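Below is a structure I'd like to ask you about.
Since we're looking at a predicted model, the values are computed, not measured. All values below come from the heavy atoms of this structure, side chains included, with hydrogens, waters and symmetry mates left out.
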Amino acid sequence: MKHKSYLLFVFLVAAWLGIIFLFSAQPWPNSFHTSSAVEQKIISFAAQFAGGEAVAEQLLKLFPLRKIAHFTEYMILGCFSTAGYWYYQREKRKTEHSSVLPVMGFCALLAALDEFHQAFVPGRTSSLWDVLLDSVGAFTGIFLSACVIKKIREMKKQG
């Protein structure tokens with residue numbers, strides 16, 4: 001039986017897109033409540049290391065949770081998409097040399113579609129800045145995954 005590792009990543013990309021869609025589909029009050037609950041847990045946890053809750057709250061003002069979430073969710077999407085594309089190229093096309101440009105385009109398009117979708121959710125708005133932030137997060141995930149894949153290739157060649 002042939003390996004079909006790329007199918008695992010197709011599933012992970014699809015599941016992760018479902019999670020992104022569910023968060024984007026939340027009307028403003030629900031989204032705010034979710035963010036606030038997560039923020040409180042982060043403050044409680046960070047307070048142990050940051051010198052108290054007041055310091056942790058100041059850190060969250062510098063790095064707003066909602067923007068960090070945008071970046072992170074798309075960074076994960078970039079990682080899954082890059083791995084899936086690499087495995088697909090290796091298993092189906094029999095090449096390990098592939099460009100990440102299609103993955104970058106895919107993730108940027110999904111970021112734009114997600115923001116377009118939010119324009120129709122009650123109390124939510126779409127933002128070009130969020131598309132940019134999502135895309136930078138995805139590109140970061142793509143870069144990190146490409147570095148890991150390169151390292152794996154080098155290790156396989158050596159041993």
Among Ile, Leu, Val, Met, Phe, Trp and Tyr joined by side-chain contacts under 4.5 Å, find the other residues sharing a cluster with Tyr85 and list them by chain and number.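 Members besides Tyr85, by chain and number: Val100, Leu101, Val103, Met104, Phe139, Ile142.
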Between Lys67 and Leu133, does a side-chain contact (heavy atoms from CB on, under 4.5 Å) hold up when you go through it step by step? CA-CA 8 Å; Lys67 298 306 176 192; Leu133 183 62; 3.8 Å; yes
Can you tell me how far CG of Leu12 sits from CG of Leu7, rounded to the nearest 0.5 angstrom?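 Answer rounded to 0.5 Å: 11.0 Å.
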Does the ring center of Tyr6 lie less than 6.0 Å from the ring center of Tyr87?
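No - the distance between ring centres of Tyr6 and Tyr87 does not fall below the 6.0 Å cut-off.
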* Does one hydrophobic cluster hold both Tyr88 and Phe106, with members joined at side-chain heavy-atom distances below 4.5 Å? ->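 Yes, Tyr88 and Phe106 fall within the same hydrophobic cluster.
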Is there a path of hydrophobic side-chain contacts, each under 4.5 Å between heavy atoms, that joins Phe80 and Phe71?
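Different clusters: Phe80 never reaches Phe71 through Ile, Leu, Val, Met, Phe, Trp or Tyr contacts under 4.5 Å.
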*Give a yes or no on whether the backbone of Gln26 and the side-chain of Arg124 come within a donor-acceptor separation of less than 3.5 Å.*
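Side chain of Arg124 to backbone of Gln26: a pair is present.
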* **Distance (rounded to the nearest 0.5 Å) between Gln158 CD and Arg153 CZ** =>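 Here the interatomic distance stands at 14.5 Å.
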* How long is the gap from OG on Ser36 to NZ on Lys41, to the nearest 0.5 Å? ->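 Reported to 0.5 Å precision, the distance equals 12.5 Å.
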Notebook entry, point to check: Hey, does Val121 have a side-chain heavy atom less than 4.5 Å from the side chain of His117?
Noted result: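 Yes, close enough: below the 4.5 Å cut-off.
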* In terms of hydrophobic clustering (I, L, V, M, F, W, Y; side-chain heavy atoms under 4.5 Å; direct or indirect links), are Leu17 and Val10 co-clustered? ->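 Result: yes, single cluster for both.
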Donor-acceptor contact below 3.5 Å, side chain Thr72 vs main chain Ile68
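The answer is yes, because a donor-acceptor pair under 3.5 Å joins these two groups.
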Residues in side-chain hydrogen bond (donor to acceptor under 3.5 Å, both in side chains) with Ser135, at least two apart?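 None.
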| How far does OG of Ser35 sit from CG of Leu65, to the nearest 0.5 angstrom? |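 Reported to 0.5 Å precision, the distance equals 5.5 Å.
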Review point. Within the distance-only criterion (no hydrogens, no angle test), does the side chain of Trp16 pair as donor or acceptor with the backbone N or O of Tyr74 below 3.5 angstrom?
Key: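 No; judged by distance alone, with no hydrogens or angles, the pair does not exist.
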| message | Under a 3.5 Å distance rule, please check whether Glu91 uses its side chain to pair with a backbone N or O of Ser5 as donor and acceptor. | response |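 Yes: the side chain of Glu91 pairs with the backbone of Ser5.
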- Message: For Thr82 versus Ala146, what's the shortest heavy-atom pair and its separation?
- Response: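 Nearest pair, atom of Thr82 first, then Ala146: CG2-N, 4.2 Å.
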Worksheet item: In terms of hydrophobic clusters joined by side-chain contacts under 4.5 Å, are Val131 and Phe23 together?
Response: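 They do not share one cluster, since no chain of ILVMFWY contacts under 4.5 Å joins Val131 to Phe23.
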Practice problem: Rounded to the nearest 0.5 Å, what's the gap from CZ on Arg66 to CZ on Phe32? Could you check? | Solution: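 Nearest 0.5 Å value for the CZ-CZ distance: 8.5 Å.
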**Prompt:** Looking at CD1 of Ile20 and CG of Asp134, how far apart are the two atoms once the value is rounded to the nearest 0.5 Å?
**Reply:**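 Going from the CD1 atom of Ile20 to the CG atom of Asp134 covers 7.5 Å.
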Whether Glu115 side chain and Ser127 backbone form a donor-acceptor pair below 3.5 Å:
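It does hold such a pair.
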* Asked: Is there a chain of hydrophobic side chains (I, L, V, M, F, W, Y, each step under 4.5 Å between heavy atoms) that links Met75 to Val13?
  ->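 Met75 does not cluster with Val13.
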- What closest approach, in Å, do Ser145 and Gly78 show between heavy atoms, and which atom pair accounts for it?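 So the minimum-distance heavy-atom pair works out to OG-O, 4.4 Å.
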Just say parallel, tilted or perpendicular for the rings of Phe120 and Phe116, cut-offs at 30° and 60°.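 Rings of Phe120 and Phe116: perpendicular, as their planes differ by over 60°.
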